[in-house]
Amino acid sequence: MKVALAQISPSLGDLENNVDRHIYFIRKAKKNKADLLVFPELSLTGYTLQDLVEETALNPHQSSLFDRLKTESQGLSLVFGFVEEKEKGIFYNSAAFLENGKILHIHRKVFPPTFGMFEEKKFFGEGKNFHSFPTPLGKAGMMICRDFLHYGASYLLFAGGAEIIIVLSAAPGRGFDSREGFASSEMWELMGQTISRFSTSFLFYCNRVGFEDGKSFAGGSFIYNPGGELLVKAPYAQENFLLREVNLQEIRRYRKKNPFKREDKPSLILQQLQRITNAKEV
Amino acid sequence: MPKKFNPSFVEKVLTSFIKEELSKFHFRKGILGLSGGLDSSVCAFLAAKALKPENVWGLIMPYGQLFKKDVKDAQTVGHHLGIQLKVIDISPMVDAYFSQHPTQDKLLKGNKMARERMSILYDFSARENALVLGTSNKSELLVGYGTLYGDMACSINPLGDLYKSQIRELASHLGVPEKIRKKNPTAGLWSGQTDEKELGLSYDEMDEILFHLVDKRRPAKDVVWMGFNKDHVEKIIRMIKKSEFKRKLPPIPKLSNRTVGHDFLYPYDWDK
């Protein structure tokens with residue numbers, strides 16, 4: 001299977017322009033025979049939306065822009081980020097998985113960060129689910145940016161049977177030291193390596209680049225194989241279109257070698273979580 | 001101690017920032033005040049790389065004959081980079097004002113000069129269709145060592161997250177002449193002034209203390225425990241607190257349901 005990660009810099013608040021750019025990359029991906037194309041978090045709108053959230057929100061079932069993307073996605077699996085107006089006046093930071101012109105799944109960000117430089121919960125509702133869903137490429141699961149840093153989220157996708165984990169990100173770079181790139185990129189790479197290895201799944205992480213109000217999105221999108229090996233990494237802080245052939249047989253190979261999935265105990269973990277969450281003590 | 005950093009990466013981020021912000025705001029050119037000191041020289045180097053030298057305007061704005069050597073240094077930087085240069089003497093405007101409202105207060109005079117320079121920069125920004133690039137560093141911004149609506153005024157500020165000592169390091173990577181890198185920093189408010197004399201401590205010490213207080217979020221007592229001078233730590237904290245107003249837009253008393261600065265929330269890069 002061939003995977004494409006579009007490490008782009010969306011225009012802030014300019015839906016039409018962003019849809020055009022998505023279409024440009026969809027066509028490019030198809031020309032390169034990609035089976036899956038992933039865009040970053042909020043790729044249709046940009047990230048620092050604040051009060052623009054309501055102006056850029058879409059209902060996937062009643063949106064001509066969505067219809068354009070559905071039409072264009074014929075022939076490949078397409079993942080992108082957008083502001084979803086699920087019910088009137090309730091907005092989510094969401095990601096769509098389109099397959100052959102149909103919406104296969106929508107993930108709503110469960111952990112919108114609200115601390116320090118982040119203020120997502122002021123503007124967005126919180127999703128409630130981590131679903132692993134069947135796709136022609138295998139069972140997949142999606143997370144949006146900070147979701148991925150809560151390792152319980154990855155576990156839920158793993159327990160749900162995901163073999164392909166897709167992370168859409170708009171992670172601002174922070175911290176600079178002697179390495180190339182922002183210090184914060186290491187956090188994502190560490191998680192990518194760990195989760196891919198211990199969930200024996202492919203890990204596709206697509207982060208955006210560009211500046212919004214001085215925040216520099218760090219780029220450095222990557223792919224890890226189910227053995228926790230880095231297959232490819234995009235450059236930091238500059239646009240990139242990453243293409244990579246991956247061998248889905250590796251899932252079987254690594255799950256045989258490292259039987260974390262076979263020996264997993266989701267019911268025991270559930271019981272223990274129930275005990276912990278029911279506990280009266282602080 | 002602020003850690004060693006990768007200057008090529010910082011250069012890449014800052015030049016892309018300048019390039020991207022200008023293009024978002026539909027500007028091709030950038031303009032900045034060149035003092036012959038470290039910060040404005042570094043900013044000019046970055047701007048010349050980001051925008052090409054012919055798209056960068058450097059205004060040199062001395063007060064009469066007061067800072068002759070600095071004018072020469074600024075010219076050296078400008079010629080070296082091949083940017084557009086213009087020298088404008090601000091003494092006629094400043095003197096005209098003080099002849100009406102005389103004062104012996106050096107700070108009043110210095111602030112007036114800083115604001116005169118700002119006024120000229122913005123005038124040329126409009127004449128030349130060039131965006132004003134700021135040159136305030138993180139050390140100055142945090143302790144409020146700058147003139148509000150004077151040298152602090154700008155449209156974008158590429159240097160605002162680098163301490164003075166980090167700018168010095170970046171300068172050497174960029175090839176800023178040693179003479180400028182080794183200069184004793186001065187706000188140029190009056191002749192013979194140096195920042196460190198006026199602040200009462202060296203940038204190196206101040207930057208280290210700021211780094212622990214701000215970046216590492218260490219409480220004052222921990223920073224003192226680490227071996228830093230207690231009076232200096234306390235003085236820096238006082239300066240930070242006293243100058244918060246310089247880092248914020250002025251508060252507006254809320255009356256309506258939706259108010260600028262309260263809940264009218266849009267990004268700076270709105271529709272860009």
Side-chain angles (χ1 to χ4, degrees), chain A residues 7-18 42 45-56 115-124 170 172-186 208-220 235-240, chain B residues 1-26 50 133-134 136 138 141 154-163 165-167 169-170 173 211 214-217 247 257-272:
Chain A
Q7 181 169 295
I8 59 165
S9 168
S11 298
L12 188 53
D14 190 348
L15 274 168
E16 298 274 346
N17 181 3
N18 288 326
L42 292 172
T45 60
Y47 179 74
T48 317
L49 292 163
Q50 302 186 305
D51 282 351
L52 295 173
V53 162
E54 59 170 308
E55 294 173 32
T56 51
F115 69 94
M117 66 193 290
F118 303 104
E119 49 180 15
E120 287 186 38
K121 265 193 262 184
K122 257 169 102 170
F123 305 99
F124 290 115
R174 44 210 193 278
F176 59 110
D177 51 29
S178 51
R179 58 175 262 160
E180 169 73 13
F182 285 106
S184 54
S185 294
E186 194 207 357
R208 62 162 290 180
V209 291
F211 292 86
E212 284 179 4
D213 288 16
K215 289 189 290 285
S216 169
F217 297 95
Y236 296 115
Q238 67 188 62
E239 289 217 354
N240 191 257
Chain B
M1 178 66 187
K3 277 181 285 182
K4 287 269 172 238
F5 64 90
N6 178 338
S8 312
F9 179 67
V10 169
E11 178 194 335
K12 177 174 155 185
V13 172
L14 300 185
T15 50
S16 338
F17 170 71
I18 295 170
K19 210 190 291 179
E20 198 176 311
E21 287 306 299
L22 259 80
S23 98
K24 281 186 206 166
F25 290 90
H26 306 293
L133 309 177
S136 297
K138 188 172 183 174
L141 287 174
C154 62
S155 295
I156 58 167
N157 183 6
L159 302 182
D161 204 16
L162 289 171
Y163 289 111
S165 38
Q166 293 173 322
I167 291 184
E169 219 173 306
L170 181 63
H173 163 78
F211 179 73
V214 176
D215 293 75
K216 292 289 176 194
R217 296 172 189 253
R247 296 182 290 269
N257 284 321
R258 204 159 180 225
T259 313
V260 172
H262 291 271
D263 40 22
F264 181 76
L265 302 171
Y266 290 94
Y268 197 87
D269 291 354
W270 191 353
D271 239 1
K272 295 297 184 293

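Proteins get letters first, then strands, A, B, ... in listed order; numbering begins at 1 in each. As the structure is a computational prediction, the values presented were derived from the model and not from experiment. The figures that follow rest on heavy atoms only: side chains count, while hydrogens, waters and symmetry mates do not.
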Would you check if A/Leu52 and B/Tyr266 make a side-chain contact, meaning some heavy-atom pair closer than 4.5 Å? yes
Contacts of A/Glu54 meeting side chain to side chain donor-acceptor pair (under 3.5 Å) (sequence neighbours excluded), chain-then-number -> none
Closest non-hydrogen atoms of B/Glu21 and A/Phe211, given as atom of the first, atom of the second and distance, are OE2-CB, 3.9 Å
The interface call for A/Phe123 against chain B, heavy-atom contacts under 4.5 Å, is side chain
Contacts of A/Tyr236 meeting ring pair (Phe, Tyr, Trp, His ring centres under 6.0 Å) (sequence neighbours excluded), chain-then-number -> none
On a heavy-atom basis, the closest approach of A/Phe176 and B/Phe5 is CD1-CB, 3.5 Å
inquiry  = Is it the case that over 12 heavy atoms from other parts of the model lie below 6.0 angstrom from the CD atom of A/Glu180?
reply    = yes
Give a yes or no answer on whether the side chain of A/Asp51 reaches the backbone of B/Phe264 with a donor-acceptor pair at less than 3.5 Å. no
Contact list (residues 11-18 of chain A to chain B, heavy-atom gap under 4.5 Å, by number) returns A/Ser11, A/Leu12, A/Gly13
For A/Thr48 and B/Tyr268, run side chain to side chain contact (heavy atoms under 4.5 Å, CB included): C-alpha distance rounded to whole Å, both residues' side-chain angles, the deciding distance at 0.1 Å, then the answer. CA-CA 9 Å; A/Thr48 317; B/Tyr268 197 87; over 6 Å; no
Answer key: most heavy-atom pairs under 4.5 Å with chain B among A/Gly173, A/Ala183, A/Gly181 is A/Gly181
Residues at least two apart in sequence or cross-chain that pass side chain to side chain contact (heavy atoms under 4.5 Å, CB included) with B/Thr259, listed by chain then number, are B/Ile252, B/Lys254, B/Ser256, B/His262, B/Asp263
Whatever's closer than 4.5 Å to a heavy atom in chain B on A/Glu55 counts as side chain
Okay, B/Leu14 and chain A: the region with an atom under 4.5 Å from a heavy atom over there is neither
Of all heavy-atom pairs linking A/Ser9 and B/Glu20, the shortest is OG-OE2, 4.0 Å
* Asked: Could you walk me through whether B/Leu265 and A/Lys122 pass the side chain to side chain contact (heavy atoms under 4.5 Å, CB included) check?
  -> CA-CA 11 Å; B/Leu265 302 171; A/Lys122 257 169 102 170; 3.9 Å; yes
**Message:** Is it the case that over 12 heavy atoms from other parts of the model lie below 6.0 angstrom from the NZ atom of A/Lys215?
**Reply:** yes
Margin query: So for atom CZ, which belongs to B/Arg258, do other residues, nucleotides or ligands contribute more than 12 heavy atoms lying within a distance under 6.0 Å?
Written below: yes
| request: Would you please test A/Ser216 and B/Phe17 for side chain to side chain contact (heavy atoms under 4.5 Å, CB included) and show each step? | output: CA-CA 8 Å; A/Ser216 169; B/Phe17 170 71; over 6 Å; no
Shortest non-hydrogen pair, A/Glu212 vs B/Asp269, comes out as CA-OD2, 3.4 Å
